[in-house]
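Taking it in order: structure first as structure tokens, then the write-up.
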Amino acid sequence: MSTKITKEIICPPCGKSDSIGMFQSIRSDDEELRKKIMDETLFDWNCTHCGFSAEFVYPCLYHDISHYLMVYLVPEKEEKSLKDVKVASEFPQLSELSKRTVTTLQQMKEKILIFESGLDDIAIEVVKAGMKAAAEKKYQKPVEKGLFCFSDPKDQRIGFQFFLKGQEEPLKRAVSMNTYKTALHIVNSCYESTKDDFIQVDNHLAEKILKRYQNEEASSSNQESTND
């Protein structure tokens with residue numbers, strides 16, 4: 001079952017003491033909490049005295065055994081790390097699960113959607129990296145974030161949203177599943193994933209993989225030219 005603690009906090013505007021429920025661990029079969037993740041209200045809090053509302057983000061672990069996933073949300077400001085936790089040796093029952101760290105509720109939601117769709121999140125990040133570069137070239141604005149939104153098995157398409165700097169409405173884009181399969185081939189050919197530790201799978205990792213793949217392709221082409 002999900003694990004909850006209650007913490008006393010002081011409301012900034014009215015200065016009165018109030019309580020907030022904090023979920024340290026959330027199971028995927030907890031439908032109420034999963035819904036709060038999906039509608040991005042998990043960290044919403046309202047003061048019972050004055051009605052002041054705020055978002056209190058705290059470390060939270062989500063686990064979905066049926067999709068072999070654990071997602072650990074750690075707010076950026078806390079700079080917390082799981083590197084000292086020897087997951088493989090201390091928790092052998094988790095050895096087959098993919099373990100991810102994220103810093104926002106949106107990222108946690110995205111990971112859940114990706115794994116529930118039966119897709120590889122590293123390959124999805126590679127697809128996003130290519131689409132991000134194309135959007136920035138077309139609109140001459142930096143993309144602040146890109147998010148996976150859906151997978152449509154019937155139409156063989158996957159959808160994304162990209163947020164350009166200074167633009168409120170997101171760009172909605174979809175690509176064929178063949179694009180994803182190409183990205184998955186790139187990942188499988190030049191990246192060795194691990195399930196031993198929690199890792200952050202994001203745009204930085206995708207760019208490293210793409211750079212490594214391009215270097216290997218260039219090296220292979222040069223080798224063929226030399227042999228000829």
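All residue numbers refer to positions in the sequence shown, counting from 1. In this text, all values refer to a predicted model and were calculated from it rather than measured experimentally.
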Flag if over 12 foreign heavy atoms under 6.0 Å of NE2, H204: no
Quiz: residues 131-138 side-chain donor-acceptor pairs under 3.5 angstrom, not counting sequence neighbours:
unit_1	atom_1	unit_2	atom_2	d
K132	NZ	E136	OE2	3.2
E136	OE2	V143	N	2.8

Closest heavy-atom pair and its distance - T179, V127: O-CG2, 4.1 Å
Selection residues 39-54 - residue pairs positive for salt bridge (charged side-chain N to carboxylate O under 4.0 Å, His left out), sequence neighbours left out: K35-D39, E40-K109
Within 6.0 Å of OH in Y68, more than 12 heavy atoms from elsewhere: no
Whichever hydrophobic residues join F163 through chains of side-chain contacts under 4.5 Å: L147
Trace of the side-chain contact (heavy atoms from CB on, under 4.5 Å) decision for D64 with L97: CA-CA 9 Å; D64 183 347; L97 275 64; over 6 Å; no
Pairwise salt bridge (charged side-chain N to carboxylate O under 4.0 Å, His left out) hits with a residue in residues 111-127, at least two apart: R34-E116, R100-D121, K111-D121, E125-K128
Partners passing side-chain hydrogen bond (donor to acceptor under 3.5 Å, both in side chains) against S25 (at least two apart in sequence or in another chain): H63
Considering all heavy atoms, the nearest C50-C47 contact: N-SG, 3.5 Å
Salt bridge (charged side-chain N to carboxylate O under 4.0 Å, His left out): pairs with one or both residues in residues 12-33, sequence neighbours excluded: R27-D29
Minimum heavy-atom distance L61-M70, with the two atoms named: CD2-CE, 3.4 Å
Donor + acceptor pair across side chains of N188, H185 (<3.5 Å): no
Salt bridge (charged side-chain N to carboxylate O under 4.0 Å, His left out): pairs with one or both residues in residues 164-181, sequence neighbours excluded: none
Side-chain donor-acceptor contact under 3.5 Å, S17 with E8: yes
E207: side-chain hydrogen bond (donor to acceptor under 3.5 Å, both in side chains) partners, not counting sequence neighbours: N203
Listed once per pair and sorted, the side chain to side chain donor-acceptor pair (under 3.5 Å) pairs that draw on residues 143-155, sequence neighbours left out: Q106-K145
Side chain to side chain contact (heavy atoms under 4.5 Å, CB included) involving S53 - partner list, sequence neighbours excluded: N46
Which residues share a side-chain hydrogen bond (donor to acceptor under 3.5 Å, both in side chains) with T6, sequence neighbours left out: none
Candidate list W45, Y72, F43, test ring-ring contact (aromatic ring centres under 6.0 Å, His included), partner Y58, passing option: F43
R212 to C190 - nearest heavy-atom pair and separation: NH1-O, 2.9 Å
With S98 via side-chain hydrogen bond (donor to acceptor under 3.5 Å, both in side chains) - residues at least two apart: none
Exercise: identify the closest heavy-atom pair between F162 and G146: CD2-CA, 3.7 Å
